[in-house]
Protein chains: 2
Amino acid sequence: MGRLEDICQVAERLFSERGYHATSIRDIARKLHLQGGSLYAHISTKEDLLWEIVRRAAEQFLQAIEAVLRQESDPVARFRGAFRAHVAVIARNLPAATVYFHEWRQLSPQRREAVLQQRDLYEAMWREIVHGGIEQGVFRPVDVAMATRAVLSVANWFYQWYRPEGPRSAESIADELSELLLAGLVKEGQS
Amino acid sequence: MGRLEDICQVAERLFSERGYHATSIRDIARKLHLQGGSLYAHISTKEDLLWEIVRRAAEQFLQAIEAVLRQESDPVARFRGAFRAHVAVIARNLPAATVYFHEWRQLSPQRREAVLQQRDLYEAMWREIVHGGIEQGVFRPVDVAMATRAVLSVANWFYQWYRPEGPRSAESIADELSELLLAGLVKEGQS
DNA sequence: AGGGGACGCGAACAACCGTTCGTTTGCTTT
DNA sequence: AAAGCAAACGAACGGTTGTTCGCGTCCCCT
């Protein structure tokens with residue numbers, strides 16, 4: 001089954017660099033020294049390939065935040081952990097994350113709906129973190145939905161500018177960004 | 001010249017909804033009750049159409065922040081003004097802004113380069129705002145590049161979730177978001 | 001040793017792509 | 001009324017798209 005993995009990996013790279021519709025099945029095949037039609041021994045549809053990439057990425061985001069929520073209970077620790085985990089998922093697999101954020105609209109209506117449902121669930125977990133911080137008096141009483149959107153904006157936009165060959169590690173960047181966001185959330189006094 | 005404007009408007013909508021490569025010249029023509037080939041009396045290339053949309057959007061962002069920098073000098077006022085202006089450009093022309101952020105990579109290498117240069121210039125102006133705030137002792141001594149990236153993440157991601165038919169006005173949202181970001185930047189004491 | 005299944009080839013498919021072009025239409029100007 | 005002109009038609013172009021399929025070829029299992 002190593003071949004399918006190879007195909008996915010090449011597809012991730014090309015889809016992320018050129019976009020889904022600007023990448024042909026023959027482009028993917030060429031990078032593997034194969035003929036276009038040969039890919040259909042391993043995949044059944046070009047869209048299935050996109051779906052596989054998007055589905056896996058979505059799964060990783062969910063698993064990452066669930067692990068944090070399971071292990072941490074303090075709002076600030078949860079916030080830092082979830083932010084760091086989100087950034088790590090992107091950094092660990094930048095092409096797949098890029099495809100996830102950029103190309104999910106090209107999926108069929110049903111699959112698009114599934115992505116949206118997963119995204120809503122993910123955002124609800126983040127809102128829970130923010131809500132918990134306010135309820136425990138650690139965060140200022142800001143609008144939960146709006147603050148969550150701001151946080152996720154920074155977290156999601158990360159894929160647009162992060163480059164692994166850059167000078168700073170993803171963890172170091174994640175910590176600095178989450179510190180900046182926390183400063184806007186936490187009540188004046190202690191961090 | 002009204003016809004070209006019609007074409008641009010339809011192209012903005014379709015490109016933003018389905019993506020550039022998923023929209024054919026015939027799709028655009030159909031919405032105008034025209035034949036595919038008829039568009040070529042007004043445009044010279046499909047890519048030229050995309051370029052026109054992207055170019056105009058980029059221009060609006062630049063003009064908006066330049067006006068703010070010209071009128072305001074206080075760092076906090078500049079920050080609030082620039083953020084509000086950025087969000088207003090997106091809200092005022094959501095389809096074009098969506099195409100700008102989402103499809104600029106599909107342009108030719110030279111035009112892509114021009115977009116990048118403009119974006120760098122825009123970001124430099126934002127860094128100038130943050131830098132000025134720190135220098136005057138109004139903002140905490142954060143990393144200018146990183147803080148600017150965080151702010152622009154929230155500002156740019158706005159197009160992904162803002163819907164004009166929603167309950168809150170773009171200005172009200174912009175003010176709340178910029179307040180949240182400012183709280184993370186400003187030194188403890190006064191706002 | 002021999003049979004079977006996975007894998008890859010390469011030609012072919014219908015559909016669609018962006019773009020061109022000769023022709024027709026219909027309005028405006030003289 | 002005639003001439004001119006921009007706009008739209010509609011057929012056609014060469015190329016590319018995703019996908020199919022019959023055919024070999026190689027390796028693994030018994």
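Here the structure is a predicted model, which means the values were calculated and not measured. Naming: A, B, ... by sequence-line order, numbering from 1 per chain.
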Can you confirm whether B/Gln9 is buried at CD, in the sense that more than 12 heavy atoms of other residues, nucleotides or ligands lie under 6.0 Å from that atom?
no
Spacing between [X] atom [atom1] and [N] atom [atom2], to the nearest angstrom:
{"X": "A/Arg30", "N": "C/dG10", "atom1": "CZ", "atom2": "P", "answer": "14 Å"}
{"X": "A/Trp51", "N": "D/dG18", "atom1": "CH2", "atom2": "P", "answer": "20 Å"}
{"X": "B/Leu4", "N": "D/dA8", "atom1": "CG", "atom2": "P", "answer": "11 Å"}
{"X": "A/Leu39", "N": "C/dC9", "atom1": "CG", "atom2": "C1'", "answer": "12 Å"}
{"X": "A/Leu50", "N": "D/dT19", "atom1": "CG", "atom2": "P", "answer": "12 Å"}
{"X": "A/Ile43", "N": "C/dG8", "atom1": "CD1", "atom2": "C1'", "answer": "14 Å"}
{"X": "B/Lys46", "N": "C/dC17", "atom1": "NZ", "atom2": "P", "answer": "8 Å"}
{"X": "B/Tyr40", "N": "D/dG10", "atom1": "OH", "atom2": "P", "answer": "18 Å"}

Any side-chain N or O of [X] below 4.0 angstrom from OP1/OP2 of [N]?
{"X": "A/Arg26", "N": "D/dT19", "result": "no"}
{"X": "A/Arg3", "N": "C/dG8", "result": "yes"}
{"X": "B/Ser24", "N": "C/dC17", "result": "yes"}
{"X": "A/Thr45", "N": "D/dT19", "result": "yes"}

Between A/Ser38 and A/Ala22, which residue's closest nucleotide on DNA chain D lies nearer the 5′ terminus?
A/Ala22
What's the closest nucleotide to the side chain of B/Gln35 if the choices are C/dC9, D/dC9, C/dT19?
D/dC9
Measuring from the side chain of B/His42 (C-beta onward, heavy atoms only), which nucleotide among D/dT17, D/dT19, D/dA8 has the closest atom?
D/dA8
Counting the atoms with a prime plus P, OP1 and OP2 as sugar-phosphate, which does [X] contact under 4.0 Å by heavy atoms, base, sugar-phosphate, or nothing?
{"X": "A/Thr23", "value": "sugar-phosphate"}
{"X": "A/Leu34", "value": "sugar-phosphate"}
{"X": "A/His33", "value": "sugar-phosphate"}

Test the B/Lys46-B/Tyr20 pair against the cation-pi criterion, namely NZ or CZ under 6.0 angstrom from the six-membered ring centroid and within 45° of the ring axis.
yes
For the backbone of A/Ala77 and the side chain of A/Glu72, can you confirm whether one donor and one acceptor N or O come within less than 3.5 Å of each other?
no
Taking the six-membered ring for Trp, is the centroid-to-centroid distance between A/Phe61 and A/Phe101 below 6.0 Å?
yes
For a ring pair (Phe, Tyr, Trp, His ring centres under 6.0 Å) with B/His86, tell me which candidate from B/Trp126, B/Tyr122, B/Phe158 qualifies.
B/Tyr122
